[in-house]
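Below you'll find the structure, written out as structure tokens, and then a few comments.
To find a chain, count down the sequence lines: A is the first, B the second, and so on, and within it residues start at 1. All figures in this text were calculated on a predicted structure; none of them were measured in a lab.
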Number of protein chains: 2
Amino acid sequence: MELERKHEGAQTTGGGRPRSPRIHQAILKSAADLVLESGFRAISMDDIAARAKVGRMTIYRRWCNKAAIIMDAFVARVDPGTLFVPARTYTESIRLQMRSMAKVFRGKDGALIRALLAEAQFDPRLAAELRDRWTMPRRKMAIAYFQQGIKDGFLRPDVDPDAMIDILYAPLYYRLQMGTGPLSDAYVDEIFDHAMKGFRKS
Amino acid sequence: MELERKHEGAQTTGGGRPRSPRIHQAILKSAADLVLESGFRAISMDDIAARAKVGRMTIYRRWCNKAAIIMDAFVARVDPGTLFVPARTYTESIRLQMRSMAKVFRGKDGALIRALLAEAQFDPRLAAELRDRWTMPRRKMAIAYFQQGIKDGFLRPDVDPDAMIDILYAPLYYRLQMGTGPLSDAYVDEIFDHAMKGFRKS
DNA sequence: CTGATACGATACATCCCGTATCGAATAAGG
DNA sequence: CCTTATTCGATACGGGATGTATCGTATCAG
């Protein structure tokens, strides 16, 4: 939020023409649309500027690179996030949340997070922002929900919420990137059921 | 192996100066060294050519881009792969194999596969090659081992080997990319133990 | 009205890529 | 031995993207 953006408070020092929020939104929308149409790699800053009908400097004043724009656009799109909605049972609510996540991954936002996560492997600052604005908020929510489940006796008392998050959700990211199969509800169920029951026989 | 490389059999058509295997190896080593020193993004084809003391055309004759070189270098380095070695018990062997994988991820090869996996998100051909030369061979081995475990009664008969792979190994990739914590043996144990036991109380 | 900044547009230097081309080197086949 | 095909190092070229700079205009605060 303040690492990737540029001159976040630069204009607040004195009077002057304020930055147009309308232009700000136009850039975000143009960038997101272009990425979904042509892919992250295929588009350039020029393309975004042209589609938004703004000068390139107007973009560089706000963001330092392509990834930073897409990050903002992505968070703005998906932020009305998928919480843990109540279901028939405690564990069913987890399954539904996983399905909701898989649905996001299947949709247009899946392409965005795929590009962001990949780009973050080469850009530590982007990685930090992705953690702060996407990963960690969702992990915190899940941890709270799992702790409640332990307390209420739905989960084993020796369950570590962090490990449980990784086991349940990492496979979704794995399929998103590896393409070893579809991110279907059936796949979610398979992961969920196996993880809840465990593999060991006795 | 034949998708990314260029002119794989182009020189076998007629007589002519054969390509030097010594140069081939020099390029692979230079590329790998440079990536480990400066990072995938920071280096260019020129840098690789300069370090290997070859012309750039000599590189483009063999590989179509940076990622293809690193892919070959990576597979050459890590191919003496980590199999399922016998341990005290059937399941302990799985744990050891996971630890071995985590060790690879912690080491220099971890940086290479991180870059390759990220790059593959933007390059379908590279993604296919990564699947064929890294992911799938290891999945096949794991599937065989898990099927044997089911047959021998060490694992529940209703276990799906594919799902089991995802649940056990996807968390390692997750940490490799997200940086939510260290890829330590302790982490591997936590994932392994939780996955084997399951989360549900009753 | 004045000053400060945003804005669109354009130009510029820089970097990297992929291809082309050159003369020299190297090996296979006749 | 000699022809032929190809590799090799080196260099040049065009194309595209990046990030910065600059110009005249637009917009807002005081």
statement: Given protein heavy atoms under 4.0 Å, the one-letter contact record of nucleotides 20-30 of chain C, with B base, S sugar-phosphate only and - none, is simply BB---BBS---
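- Minimum atom distance to the side chain of A/Met45 is reached by D/dT18, of the listed C/dC16, D/dT7, D/dT18.
- Between the CZ atom of A/Arg62 and the P atom of D/dG19 there is a distance of 17 Å, rounded to whole Å.
- The interatomic distance linking A/His24 (NE2) with C/dG8 (P) rounds to 14 Å, in whole Å.
- Annotation: cation-pi geometry satisfied between B/Arg138 and B/Trp134 (NZ/CZ under 6.0 angstrom from ring centroid, within 45° of ring axis).
- Evaluation of atom-type donor-acceptor distances gives a pair under 3.5 Å for the side chain of B/Arg56 against the base of C/dG18.
- Nearest nucleotide to the B/Val54 side chain, out of C/dC17, D/dG9, D/dT18: D/dG9.
- At whole-Å resolution of the value, CG in B/Asp47 and P in C/dC15 are 11 Å apart.
- Look at CD1 on A/Ile27: it is 13 Å from P on C/dA6, rounded to the nearest Å.
- A centroid separation of 6.0 Å or more is found between the aromatic rings of B/Tyr169 and A/Tyr174.
- Comparing atom distances between the A/Lys66 side chain and each of D/dT18, D/dC8, C/dC17 picks out D/dT18 as nearest.
- Within the 4.0 Å cut-off from OP1 or OP2 of C/dA6, not a single side-chain nitrogen or oxygen of A/Thr58 is found.
- We find that CZ of A/Arg22 is positioned 17 Å from C1' of D/dC28, with the value rounded to whole Å.
- The aromatic rings of A/Tyr90 and A/Tyr145 lie parallel to each other, with less than 30° between the two planes, well short of the 60° mark.
- Between A/Asp46 atom CG and D/dG15 atom P there is a gap of 16 Å when expressed in whole angstrom units.
- Remark: A/Arg175 is positioned above the aromatic ring of A/Tyr187, its terminal NZ or CZ atom under 6.0 angstrom from the ring centre and at most 45 degrees off the axis.
- The distance from atom CZ of A/Phe40 to atom C1' of D/dA17 is 13 Å, rounded to the nearest whole Å.
- If you take OH of B/Tyr60 and P of D/dG9, they are 15 Å apart, rounded to a whole angstrom.
- Distances were taken from every side-chain heavy atom of A/Arg61 (C-beta onward) to each of D/dT7, C/dC7, D/dT20; the shortest belongs to C/dC7.
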Output a table of donor-acceptor pairs, distance under 3.5 Å, between side-chain atoms of residues 33-44 of chain B and any protein atom two or more places apart or on a different chain; print 'none' if there are none.
{"residue": "B/Asp33", "atom": "OD2", "partner": "B/Lys29", "partner atom": "NZ", "Å": "2.9"}
{"residue": "B/Glu37", "atom": "OE1", "partner": "B/Arg51", "partner atom": "NH2", "Å": "2.9"}
{"residue": "B/Glu37", "atom": "OE2", "partner": "B/Arg51", "partner atom": "NH1", "Å": "3.3"}
{"residue": "B/Glu37", "atom": "OE2", "partner": "B/Arg51", "partner atom": "NH2", "Å": "3.4"}
{"residue": "B/Arg41", "atom": "NH1", "partner": "A/Glu119", "partner atom": "OE2", "Å": "3.0"}
{"residue": "B/Arg41", "atom": "NH2", "partner": "A/Glu119", "partner atom": "OE1", "Å": "3.3"}
{"residue": "B/Arg41", "atom": "NH2", "partner": "A/Glu119", "partner atom": "OE2", "Å": "3.4"}
{"residue": "B/Ser44", "atom": "OG", "partner": "B/Asp46", "partner atom": "N", "Å": "3.4"}
{"residue": "B/Ser44", "atom": "OG", "partner": "B/Asp47", "partner atom": "N", "Å": "3.3"}
{"residue": "B/Ser44", "atom": "OG", "partner": "B/Asp47", "partner atom": "OD2", "Å": "3.2"}

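- For the pair B/Leu116/B/Met71, a side-chain contact is recorded, criterion being any heavy-atom separation below 4.5 Å from C-beta on.
- For B/Tyr173 and B/Phe105, the distance between ring centers is under 6.0 angstrom.
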